[in-house]
Amino acid sequence: MKNLLETIHSPQDVKNLPLQDLPRLAYEIRRTLIRTMSKTGGHLASNLGVVELTIALHRVFDSPADKLIWDVGHQSYVHKLLTGRLDRFDTLRQQNGLSGFPRHQESEHDAFIGGHSSTSISAALGFARANRLKGDPHHAVAIIGDGALTGGLAYEGLNNAGRSPNNRLIVLLNDNEMSISENVGAIARYLSVIRSQPEYFKTKDTIIDFLDAMPVFGTPLKHAMSVTKDALKRSVYQKTFFEEFGFTYMGPVDGHDIRQLIQVLERARSLCRPVFVHVHTVKGKGYTFAEQNPGVYHGVSGSGFDIRTGSSPDTGGPTFSSVFGDALCELAGEDDTLCAVTAAMREGTGLGDFATLYPSRFFDVGIAEEHAATFCCGLAAGGMRPVFAVYSTFLQRCYDELIHDASIEPQNLLLAIDRAGLVGSDGETHQGIFDVAMLRTIPGVRLYAPAHFDDLRAMLREAHRHTGLCAVRYPRGGEPELPAELREVCLNYTHLQNPDAQLLLVSYGRELGPVSAAAAILRQKGIPTSLLRIGRLLPLDEGMLPSLLGYRWIFFIEEGIRAGGVGEQFGSLLMDRHFKGNYRCRAIEGFVPQATVSASLRSLGLDADSLATWIEKETRG
C-alpha cells in the first residue's frame, strides 16, 4: 500500500485526500514522528497530540494565505510534515537542518517564529488587523496550549482581540492538561470544568440546527433566543471566561476526531469574527510510553530512545541542574525561610526532590516568568528567601521586574539561572547568551559563574548569604574537563601566573574548559601563558587589575553575547588604569543557530583549537 504521507508536498495535497483516508494519514504521521524522534530527539509528546488537529487545520484553512501561528512552536512538527518538509525531516534540530520551531526563513507556511510561550494571540491579532487594513479576507489562527495560557501576554492578546469584533481571528486552544510539568493554577482548574461539562454547547447547537430547519418561525425564534442567551446560559451553563473577552466560544471538541474538528473549524471560519475554539487532546497520543509519561517525552534528548522499550540511553552522571537541586535541598534544611519557585520547569531545573521534601515552600507558577519574579519579590518583602530557578532564555522576560521590583528597593532574591550559555539543538530562541549582559545593566546585582559542581555548591551558599538580588548562572549538562589547578572553588577570582608569560587568558564558567586547553596548546608551542578565572562576574573585583597591567597581551573569552558582556567591562576597566598592552575579546556576536554545543563552539571560534590558533596569530602577527 502506498505511503500517503509521501504524497503530501503541500497543504493542497491534504485537501485533495478523500476524507476516509485522513485517519491513515494520521497513523503514518505518528509513525514518522516516533521513528524520527527516536534517533534525533525532539519534542515528541506534544506533536503526537496534535496530529489530527494539524491535519484538520490544513484541510480547512489555506496556508500561507491564512496564517497559522504556533504557540509554543515545538508543537509544529506535524505542520512541517504537511507543508513540504518530509524529505528533510530527519535533519530536524540538527546543524543546518530544519528548526525545531517555526521559522519564516525556512518556509512561507511558518508565519511567525515561536520559541517562547504565550505570544501567538498577540501576533495573530496583528496579522488579522493587517489583513483588515489591506482588505485581505483571510484568517489568522493562533494555536496555543493550555500551558502557554498561563502566561500574562496571552491575556493581553485576548483582551485586545475581543475588542475588535470585525477581525477574522481564531484562537485555538490545544488543551492537553500539560505544559512541561503538570499545569497548575486556576486556569487549569477552569478548563477542567469546561471539559467535564460541555452540555450547554451541545444543547445550543442542537436547538439552532432545529430552528434553522423551520422555514417560517425558525428565524424569529432564533433571534429571540439570541436576545435572551445570557439568561439561558446562566440557567444552563455559566458564560465562559473567553466569551467575557468578546469571543464566540466553541467546544470542547475531541481533538482526535478529524471529522468533528473539520466541522468546527469550518464553522469558526464562517463567522468572520473572533472565535475561541477549545480542543481537548491527549499529549503523547498513539505511543503508550508518551501517553503514560508525557512530561518525560515532552523533550527527548538528542540521544533519542528505544521505540520498543521507550528507554533512553544512559547519559550517566550528575548535571549542573541535579547538583543545584541537591544543594538547594541542603540549604532548605538549614533555613526554613528558603522557598523555591519555578515557571513550569520543576524537573528541568532539578527541583523535583525539593518539591517532595518541602512542598509548602515549593511554588510552580506555570509558564509565567514575569509573575514568578515579582511573586518572589513579594515573598522576600514578606520575610522569606526565595530562589527562582529559571532557564536563561526565559529570564529575558523578567527584565523589568528585576529592575523595578527586585532592585530599586532591594529584595533578597536569588536567581538560579539554568541553561546559561549555548544549549544546542533548540537554536536561536533558547540559547542562554544574554543573561550576563542583561544583569550587568542592573545596579547592585551579584552574579556568580561556576566552572564545576563544587563551585556551584559554594556559590549558591555564598549568594544565599548575601542581601539583595543575587544570581548564579550555570550551563546545561555535566562538568567540563578542567586541569587540577582550576578544580579549587573560586568565589572571586584566581590568577594562575606563569612568571615568563607576557600573555594572559581570562574567562569564566564552562568556557574555562576550552580556554585552559588552549593555554596548554600554546605552552606546548613554547608560548608561556597565564590564566585568570573569574568566579564572581558582578561586581568585578577591581583589586585584581593592578597585577595584570604588566602583560603585553590580554585575551578575554566568554560564552555569551559580546555587547554588554563582561569582556567589554573588563577591557574598559583596564583602559581606565592606562593598560599599555594589547587587549582582545572574543565572545558571541549575533544569534546562534541550532547545532550541538561542541559544533557551535567551533563555529564561533570558542573551542580550544580555534582559540589557540587565533591567539598565536594575534600575538605573532
Does [X] reach the main-chain N or O of [Y] with its side chain, forming a donor-acceptor pair under 3.5 Å?
X	Y	result
Arg385	His464	yes
Lys80	Phe101	yes
Asp71	Ser118	yes
Ser610	Leu606	no
Arg440	Gly564	yes
Glu369	Val390	no
Ser516	Gly513	yes
Gln94	Leu92	yes
Glu559	Ala587	no
Asp110	Arg103	yes

Please report the interatomic distance [atom1]([X]) to [atom2]([Y]), rounded to the nearest 0.5 Å.
X	Y	atom1	atom2	value
Leu531	Leu486	CG	CG	5.5 Å
Ile433	Arg562	CD1	CZ	14.0 Å
Leu33	Arg35	CG	CZ	11.5 Å
Leu86	Arg88	CG	CZ	12.0 Å
Leu611	Phe555	CG	CZ	10.0 Å
Ile534	Tyr448	CD1	OH	13.5 Å

Quick one: sort the Tyr508 and Phe556 rings into parallel, tilted or perpendicular, breaks at 30° and 60°.
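Ring orientation of Tyr508 relative to Phe556: tilted.
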
Name the orientation class of the two ring planes belonging to Phe570 and Tyr583 (parallel below 30°, tilted from 30 to 60°, perpendicular beyond 60°).
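Phe570 vs Tyr583 ring planes: parallel.
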
Considering the options His79, His109, His104, His116, which one meets the ring pair (Phe, Tyr, Trp, His ring centres under 6.0 Å) requirement together with Trp70?
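So, applying the ring pair (Phe, Tyr, Trp, His ring centres under 6.0 Å) to Trp70 and each of His79, His109, His104, His116, only His79 qualifies.
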
Closest contact, heavy atoms only, [X] versus [Y]:
X	Y	value
Asp607	Arg602	OD1-CA, 3.4 Å
Ala595	Ser600	CB-OG, 3.6 Å
Ile521	Ala612	CG2-CB, 3.7 Å
Ala518	Ala608	CB-O, 3.6 Å
Ser425	Arg93	OG-NH2, 2.9 Å
Ala148	Ile367	N-CD1, 3.9 Å

Taking C-beta and beyond as the side chain, do [X] and [Y] meet within less than 4.5 Å on heavy atoms?
X	Y	value
Leu573	Phe579	no
Asp90	Lys39	no
Glu558	Glu568	no
Val597	Arg510	yes
Thr393	Phe434	no
Phe305	Leu44	yes
Pro475	Phe320	yes
Leu532	Ile554	no

Asp454: salt bridge (charged side-chain N to carboxylate O under 4.0 Å, His left out) partners, not counting sequence neighbours
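So Asp454 forms a salt bridge (charged side-chain N to carboxylate O under 4.0 Å, His left out) with Arg457.
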
Testing Arg476, Arg419, Glu347 one by one against Ser321 for a side-chain hydrogen bond (donor to acceptor under 3.5 Å, both in side chains), which residue passes?
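Exactly one pass, corresponding to Arg419.
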
Going by the rule side chain to side chain contact (heavy atoms under 4.5 Å, CB included), which residues pair with [X] if we only count those two or more places apart in sequence or in a different chain?
X	result
Pro539	Arg446, Arg536
Pro443	none
Glu481	none

Heavy atoms from other residues, nucleotides or ligands near CZ of Arg487 exceed 12 (cutoff 6.0 Å)
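Enclosed: over 12 neighbouring heavy atoms sit under 6.0 Å from CZ of Arg487.
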
Audit row: Asp418, Thr349, side chain to side chain donor-acceptor pair (under 3.5 Å) steps and yes/no
CA-CA 7 Å; Asp418 203 328; Thr349 56; 5.7 Å; no

Could you list the donor-acceptor pairs under 3.5 angstrom formed by side chains in residues 401-408, with sequence neighbours left out?
| unit_1 | atom_1 | unit_2 | atom_2 | d |
| --- | --- | --- | --- | --- |
| Asp405 | OD2 | Thr374 | OG1 | 2.6 |
| Ser407 | OG | Leu402 | O | 2.7 |

Are Asp364 and Arg346 within salt-bridge range, i.e. N to O under 4.0 Å?
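No, this pair does not count.
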
Check the pair Leu439 / Arg473 against side-chain contact (heavy atoms from CB on, under 4.5 Å), numbers first and verdict last.
CA-CA 11 Å; Leu439 292 173; Arg473 71 182 306 270; over 6 Å; no

Worked verdict on His452 versus Val323 for side-chain contact (heavy atoms from CB on, under 4.5 Å)
CA-CA 10 Å; His452 49 74; Val323 170; over 6 Å; no

Walk me through it: do Leu351 and Phe324 pass the test side-chain contact (heavy atoms from CB on, under 4.5 Å)?
CA-CA 8 Å; Leu351 290 176; Phe324 158 74; 3.8 Å; yes

Check the pair Tyr399, Thr441 against side-chain contact (heavy atoms from CB on, under 4.5 Å), reporting the backbone distance first and the verdict last.
CA-CA 10 Å; Tyr399 187 52; Thr441 64; 2.6 Å; yes

Got a list of side-chain donor-acceptor pairs under 3.5 Å for residues 488-503, not counting sequence neighbours?
| unit_1 | atom_1 | unit_2 | atom_2 | d |
| --- | --- | --- | --- | --- |
| Asn492 | ND2 | Asp541 | OD2 | 2.7 |
| His495 | NE2 | Tyr551 | OH | 2.9 |
| Asn498 | OD1 | Asp500 | N | 3.0 |

